Amino acid sequence: MGEPITDGISSRNSEDLENSTQGTPPPGYCFPTHKLTKTLQDASKIPLVLVACGSYSPVTYLHLRMFEMAADYFNTHPKYELIGGYFSPVSDYYQKEGLAPAHHRVKMCELATETSSAWLMVDSWEALQPSYQRTAVVLDHFDEELNGNMGGMVMPDGSFRKIQTLLLAGGDLIESMGKKDVWASEDLHRILGHYGCMVIERTGTDVWEFLLSHDILYEHKDNIHVVKQVIYNDISSSKVRLFVKRKMSIKYLVPDAVMRYIFDNSLYSTKLTRKRDYVSYAFD
C-alpha cells in the first residue's frame, strides 16, 4: 500500500527541516471546500476531515477505496462525523523514482474524484511547495485552513465548532513510525496526539499488536483508528507504472479518466532517474 516517502525524519539535515515549514500560499492557490458537508446530521458530534498524503504517481482504485473504508468506519462512530476528505500529493522535491511532475499528479487525483465522489477533494498546497513538507506540517496547514481561515464548522445556533483533521494511512506507515531514526519523536506526538490517524490494516497483519511494542504509538493509541481491509487489494502505483512501461493494460486498476490522462501525456513510458532517497512511508 505504500512506497518509501519522507516524513518527520530525525536523521535529515537541519537545512531540510528548516525549509519544511508553512509559508506563503503559492500564487493562484485556493483551498478547496466545495464538497465539505455544511451541516452535521448529529449536532453532538465532532466534524472530521480525512487527509491522505502520498505520491499518487498515479492515483489508483486502492487509494480511493481506502477513503471509502474509512467512511464506513465513521458512519457509526459515536464521537466523529465525517464531513470531507482530501488527497494531498507530495511536491516534486520528494524526488523519488517514478514520481511524475506535481501538476500531473494533482490533475490525476482531480480526475479520479471530480465526478466519482461527492466528498473527496484534492488540495495542491503541498504539491506546489518549493521544498519538502513533513506530514506534521501538512496537517498543520489543513488545520489552519479549516479552523483558522474558515473558522471551523458553523452550527445551527451560529456558533463555530472546531473541525478535527485525521491522517489516513496504510498499515505500513504506522509500522514505519516504530522504526528507529525514521520519524522525529516531536512529529509523532504532533501527528498522533494533536490530530490522530486512521489506519487501513492489510489482511494478515495486526496493527494493535505493533502498537503495544512502541511507546509513543501506545501513548496515543486512543487517537489511532484501525480498519481491516476485508477484501484484499494490493494494487500499487509502482505496479501501474511498470504495466505502462511494459505496454500492459491498466484498465480497472485506475479510473478511466486517469488512464486516458497517463497515455495522453506519455507518463511512465520511460524510466525516471532517482535523484534522492528517503526512508519513511505513506501512500504509494
Side-chain angles (χ1 to χ4, degrees), residues 1-7 9 20 26 32 50-67 85-114 116-117 120-135 137-138 167-173 176 200 233-284:
M1 247 179 279
E3 288 184 348
I5 177 174
T6 319
D7 223 296
I9 303 176
S20 183
L50 293 172
V51 175
C53 302
S55 301
Y56 305 116
S57 189
V59 62
T60 71
Y61 275 127
L62 177 55
H63 298 136
L64 296 166
R65 275 296 304 159
M66 293 179 83
F67 274 101
Y86 291 92
F87 283 99
S88 181
V90 298
S91 78
D92 289 335
Y93 285 83
Y94 171 41
Q95 297 182 10
K96 66 172 282 185
E97 185 177 4
L99 189 70
H103 69 278
H104 285 312
R105 292 180 287 107
V106 169
K107 183 61 178 179
M108 286 188 285
C109 288
E110 290 173 344
L111 289 170
T113 58
E114 62 185 6
S116 66
S117 175
L120 293 180
M121 294 163 282
V122 183
D123 180 43
S124 62
W125 181 87
E126 182 183 2
L128 295 173
Q129 293 303 301
S131 62
Y132 175 76
Q133 301 298 308
R134 294 163 13 247
T135 295
V137 175
V138 175
L167 177 66
L168 175 62
D172 46 4
L173 182 141
S176 77
I200 306 299
N233 184 338
D234 68 345
I235 297 173
S236 70
S237 298
S238 58
K239 290 178 181 178
V240 172
R241 296 193 301 269
L242 180 61
F243 277 27
V244 173
K245 184 180 178 182
R246 301 302 187 209
K247 296 181 171 55
M248 298 170 66
S249 172
I250 58 171
K251 192 172 180 63
Y252 308 125
L253 298 178
V254 300
D256 284 352
V258 173
M259 180 177 65
R260 288 192 296 270
Y261 188 89
I262 289 172
F263 293 131
D264 288 347
N265 291 275
S266 302
L267 301 180
Y268 312 123
S269 57
T270 58
K271 182 176 177 60
L272 299 181
T273 302
R274 185 190 302 249
K275 296 180 180 178
R276 178 168 54 179
D277 279 332
Y278 292 127
V279 289
S280 177
Y281 297 82
F283 285 139
D284 180 11

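Every heavy atom of this structure was used, including side-chain atoms; hydrogens, water molecules and symmetry mates were not. All values reported here derive from a predicted model rather than from experimental measurement.
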_When you compare the side chain of Pro58 with that of Arg241, does any pair of heavy atoms fall below 4.5 Å?_
yes
*Could you list the residues that satisfy side-chain contact (heavy atoms from CB on, under 4.5 Å) with Asp264, not counting sequence neighbours?*
Arg260
_Heavy-atom check, side chain of Phe263 versus side chain of Val244, under 4.5 Å_ = yes
*Do Leu267 and Met108 have side chains that get closer than 4.5 Å, going by heavy atoms?*
yes
*asked:* When you compare the side chain of Lys245 with that of Ser269, does any pair of heavy atoms fall below 4.5 Å?
replied: no
*side-chain contact (heavy atoms from CB on, under 4.5 Å) involving Ala127 - partner list, sequence neighbours excluded*: Pro89, Ala102, Val106
*asked:* By the salt bridge (charged side-chain N to carboxylate O under 4.0 Å, His left out) test, which pairs, at least two apart or in different chains, include something from residues 51-62?
replied: none
*Grab the two heavy atoms, one from Pro32 and one from Tyr86, that are nearest each other, plus how far apart they are.*
O-OH, 2.6 Å
*All side chain to side chain donor-acceptor pair (under 3.5 Å) counterparts of Ser88, not counting sequence neighbours*: Glu126
*Any chance the rings of Phe87 and Phe67 have centres within less than 6.0 Å?*
yes
*asked:* Could you work out, with side chain to side chain donor-acceptor pair (under 3.5 Å) as the rule, every residue matching Asp256, not counting sequence neighbours?
replied: Lys251
*Main-chain N/O of Ala112 paired with Ser116 side-chain donor or acceptor, under 3.5 Å*: yes
*So, the side chain of Arg105 versus the backbone of Leu99: is there a donor-acceptor pair under 3.5 Å, distance only?*
no
*Could I get the full list of side-chain contact (heavy atoms from CB on, under 4.5 Å) partners for Lys247, not counting sequence neighbours?*
none
*Is the closest side-chain heavy-atom distance between Tyr261 and Lys107 below 4.5 Å?*
yes
*Are the side chain of Thr60 and the backbone of Leu253 linked by a donor-acceptor contact shorter than 3.5 Å?*
no
